[in-house]
Amino acid sequence: MHKITQPIGEETFLSPGTDISYTANPRFLELQEELRSALFTAVADSTPKQYLVEALSGPGPTSSPQDVDLFARSPVPKARLIHYLKNWITECAPYLDKFDEARHFGVHIPILAQDSPALFYAILAFSARQTERKAGLRNCHDSLELYQESIRWITPGLQAKDPNVLVTACILAVMELMSVSPQDWRRHVEGCAALFDCFDVNGFSGGHLQAVFWCYVRMELCGVIVSNGAERTVLPLDKWAPAAPAGSGSGTSEDNDERVRGLFLEQSRLTPDMHANWAVYLCAKACDLVCRRTRHLELAEYDTTDPRPFPEQWNRLWDELQYWLEQRPLSMLAVKTNSMRGDQMFPEILFTHRAAISSNQLYHTACMLLLEIKPPTALLALSGHLSSPLWHARRICGISLTNPHSGNLINAIQPLYLAGKLLSHRREQIAVAKLFKFIEETTGWGALWRLRDLEAVWGYETNEILSAI
């Protein structure tokens, strides 16, 4: 592989989010394709379940002897590597652990990385990229060097049946999404989807693989929202939960809905994290219904996923969302809510549990998506506000303004975009614009591209609102 040189001490600065070096860098594109090829080759050459059984029960990977100093082998100076490792623990891992009380990314995965070179360099590459974007560094290539090192170790890790390749692939996919245009999201998650499917890992697998799975599907959810109803998840929704045992039922859509709901309900009683993951699943189901509806109306595609009439599917999913709301454990409820009063634009909704922030936002997002495609025959036996898309939109904005947890702000980019499309008052639009700017400046995650999309929806020139804040 080529060596990537860095002009030490010659970094230049620019506003966060404006660095297009990854999008235009041919070496990054080459490495990304190399990673995809390695993952798909491994899937094609593996016996899926046997691979994972051997990997999890065997003595461990042989690609990294215990006496190898991974810090010394890196092309990046050790002092900077230590800084990136600290940054992973304090800033990056909390982004990925926001739905995980066990903090697998912050506590367990750095321990696993000691014996997995690909994973070790992946977490450092992610941390370096987040540092570069947050600081607005240009011509600083540490993250690309470390990304290259991680990929160099992927194939030996696969050959050694290192189960941490699943974790590595997921972290690198998140790093790619942080670095380039999310419109090309499918290319970044396809390799992960193939691994999860091949190795039969799902949202109920347990341990760190379960945590990694839910981190992955949050990327999927981001992508399908970005696609605006044109695409479905790469990993089909029926792969998100374990398959029904043979002979356990008739296998109808209603049976599957009940079975999966039972799984989430059982697990959410043990940990509120799973109630939050349930919201991710339901929001993805809403996006999937939107996509299937769009394809049916615009392309005349016959829906083979669910034979039930569309109004019945819509009512069933709406009821599932309200059931999720009713069954929230105490930790998922707001500790303080102030309704809009006077000139207050958005309600104040304060949560104490990190996972409660995003999961409640995703509930409102799913409701907005469904209300947009509500069939004329649907009867909403609800109080007026639950059937109002604008009410849900203002709740989404209020949750982000009241709860500035950085990981949840990243997760809020797509919900805020959907909510912002419904806001017509300039004061509200400026408030949302400030949120997008705050997210990009404080997390390093690209958010202003979504603000530019909103400017077009609102009828402004590009950067017109941004220049006003």
Side-chain angles (χ1 to χ4, degrees), residues 88-112 123 166-167 170-171 173-174 192 196 201-222 233 235 237 239-242 259-286 320-321 323-335 349-366 396 399-400 402-412 414-415:
W88 169 268
I89 294 168
T90 58
E91 285 216 33
C92 300
Y95 295 176
L96 310 182
D97 278 333
K98 55 182 171 280
F99 280 36
D100 183 14
E101 287 184 332
R103 296 175 54 212
H104 283 94
F105 283 95
V107 176
H108 302 279
I109 286 174
I111 296 173
L112 296 174
I123 65 176
L166 285 163
V167 190
C170 182
I171 290 173
V174 181
C192 293
F196 284 119
V201 173
N202 57 63
F204 298 85
S205 293
H208 72 278
L209 292 181
Q210 176 175 311
V212 172
F213 180 88
W214 286 109
C215 176
Y216 159 77
V217 296
R218 290 196 297 271
M219 287 191 285
E220 283 261 48
L221 179 56
C222 167
T233 57
L235 186 66
L237 287 171
K239 302 284 188 179
W240 290 28
R259 182 181 63 84
V260 174
R261 182 168 76 168
L263 288 172
F264 276 113
L265 197 58
E266 178 185 359
Q267 290 296 312
S268 65
R269 286 169 178 161
L270 301 175
T271 169
D273 295 345
M274 282 306 290
H275 205 82
N277 291 330
W278 190 1
V280 177
Y281 173 75
L282 291 175
C283 193
K285 283 190 71 175
E320 283 188 65
L321 282 165
Y323 185 75
W324 179 91
L325 190 70
E326 295 165 2
Q327 294 296 318
R328 286 176 299 172
L330 287 175
S331 55
M332 294 287 106
L333 301 176
V335 295
I349 309 169
L350 179 64
F351 296 98
T352 56
H353 196 290
R354 293 182 306 175
I357 304 169
S358 284
S359 59
N360 280 276
Q361 250 184 349
L362 290 177
Y363 159 78
H364 292 295
T365 303
I396 288 171
I399 289 171
S400 281
T402 315
N403 303 271
H405 179 273
S406 56
N408 285 285
L409 287 175
I410 293 170
N411 214 48
Q414 305 311 323

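In this chain, numbering begins with 1 at the start of the sequence shown. Side chains included, hydrogens not; waters and symmetry mates left out as well; all remaining heavy atoms used.
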Taking side chain to side chain donor-acceptor pair (under 3.5 Å) as the test, write out the residues that go with Ser358, two or more places apart. Asn408, Asn411

Check Leu237 against Ala284 and note the closest heavy-atom contact, atom names and distance. CD2-CB, 3.8 Å

May I ask you to test the Ile123-Phe105 pair for a side-chain heavy-atom distance under 4.5 Å? no

Glu91: side chain to side chain contact (heavy atoms under 4.5 Å, CB included) partners, not counting sequence neighbours: Asn87, Tyr95, Gln130, Lys134

Thr352: partners by side chain to side chain contact (heavy atoms under 4.5 Å, CB included), with sequence neighbours left out: Val335

Carefully, step by step, assess Asn202 and Lys239 under the rule side chain to side chain contact (heavy atoms under 4.5 Å, CB included). CA-CA 7 Å; Asn202 57 63; Lys239 302 284 188 179; over 6 Å; no

Here the gap from Phe264 atom CZ to Tyr323 atom OH, rounded to the nearest 0.5 Å, amounts to 13.5 Å

Ignoring hydrogens and angles, tell me if any N or O in the side chain of Ser205 forms a donor-acceptor pair with the backbone of Val201 under 3.5 Å. no

Residues passing the side chain to side chain donor-acceptor pair (under 3.5 Å) test with Ser359, sequence neighbours excluded, are none

If you compare all heavy atoms of Ile89 against all heavy atoms of Gly106, which two are closest, and at what distance to 0.1 Å? CG1-O, 4.3 Å

Parallel, tilted or perpendicular for His275 and Trp278, by the 30°/60° rule? perpendicular

What one should report as the nearest heavy-atom pair of Ile349 and Thr402 is N-OG1, 3.2 Å

Please list, chain by chain and in numerical order, all residues satisfying salt bridge (charged side-chain N to carboxylate O under 4.0 Å, His left out) with Lys98, sequence neighbours excluded. none

For the residue pair Met274 and Leu265, establish whether any side-chain heavy-atom pair is separated by less than 4.5 Å. no

Contact summary for Pro272 and Glu101, nearest pair of heavy atoms: CG-OE2, 3.7 Å

In the structure I gave you, are the side-chain heavy atoms of Phe196 and Trp240 within less than 4.5 Å of one another anywhere? no

Test side chain to side chain contact (heavy atoms under 4.5 Å, CB included) applied to Arg103 - qualifying residues, sequence neighbours left out: Asp97, Val107, Arg354

Mind checking what makes ring-ring contact (aromatic ring centres under 6.0 Å, His included) contact with Phe351, not counting sequence neighbours? none

Is the closest side-chain heavy-atom distance between Gln361 and Ser400 below 4.5 Å? yes

In terms of heavy-atom contacts, does CG of Leu270 have more than 12 from other residues, nucleotides or ligands at under 6.0 Å? yes

Which pair of heavy atoms, one from Thr365 and one from Pro415, lies closest together, and at what distance? OG1-CB, 3.3 Å

Under the side chain to side chain contact (heavy atoms under 4.5 Å, CB included) criterion, do Leu362 and Leu282 qualify, and how do the steps go? CA-CA 8 Å; Leu362 290 177; Leu282 291 175; over 6 Å; no

Listed partners of Glu266 passing side chain to side chain contact (heavy atoms under 4.5 Å, CB included), at least two apart: none

Sorted by chain and number, sequence neighbours left out, ring-ring contact (aromatic ring centres under 6.0 Å, His included) with Tyr363 holds for Trp324

Partners meeting salt bridge (charged side-chain N to carboxylate O under 4.0 Å, His left out) with Arg261 (sequence neighbours left out): Glu258

Which pair of heavy atoms, one from Trp88 and one from Ile171, lies closest together, and at what distance? CH2-CD1, 3.9 Å

Rounding to 0.5 Å, atoms CG (Asn360) and NE2 (His353) come to a distance of 11.5 Å

Taking Glu220 for the side chain and Leu235 for the main chain, is one N or O donor matched with an acceptor at less than 3.5 Å? yes

Can you check whether Met219 reaches Cys170 side chain to side chain, under 4.5 Å on heavy atoms? yes

Can you check whether Leu166 reaches Phe213 side chain to side chain, under 4.5 Å on heavy atoms? no

With the side chain counted from C-beta on, respond yes when Asp273 and Trp214 share a heavy-atom pair under 4.5 Å apart, and no when they do not. no

Contacts of His405 that satisfy ring-ring contact (aromatic ring centres under 6.0 Å, His included) - sequence neighbours left out: none

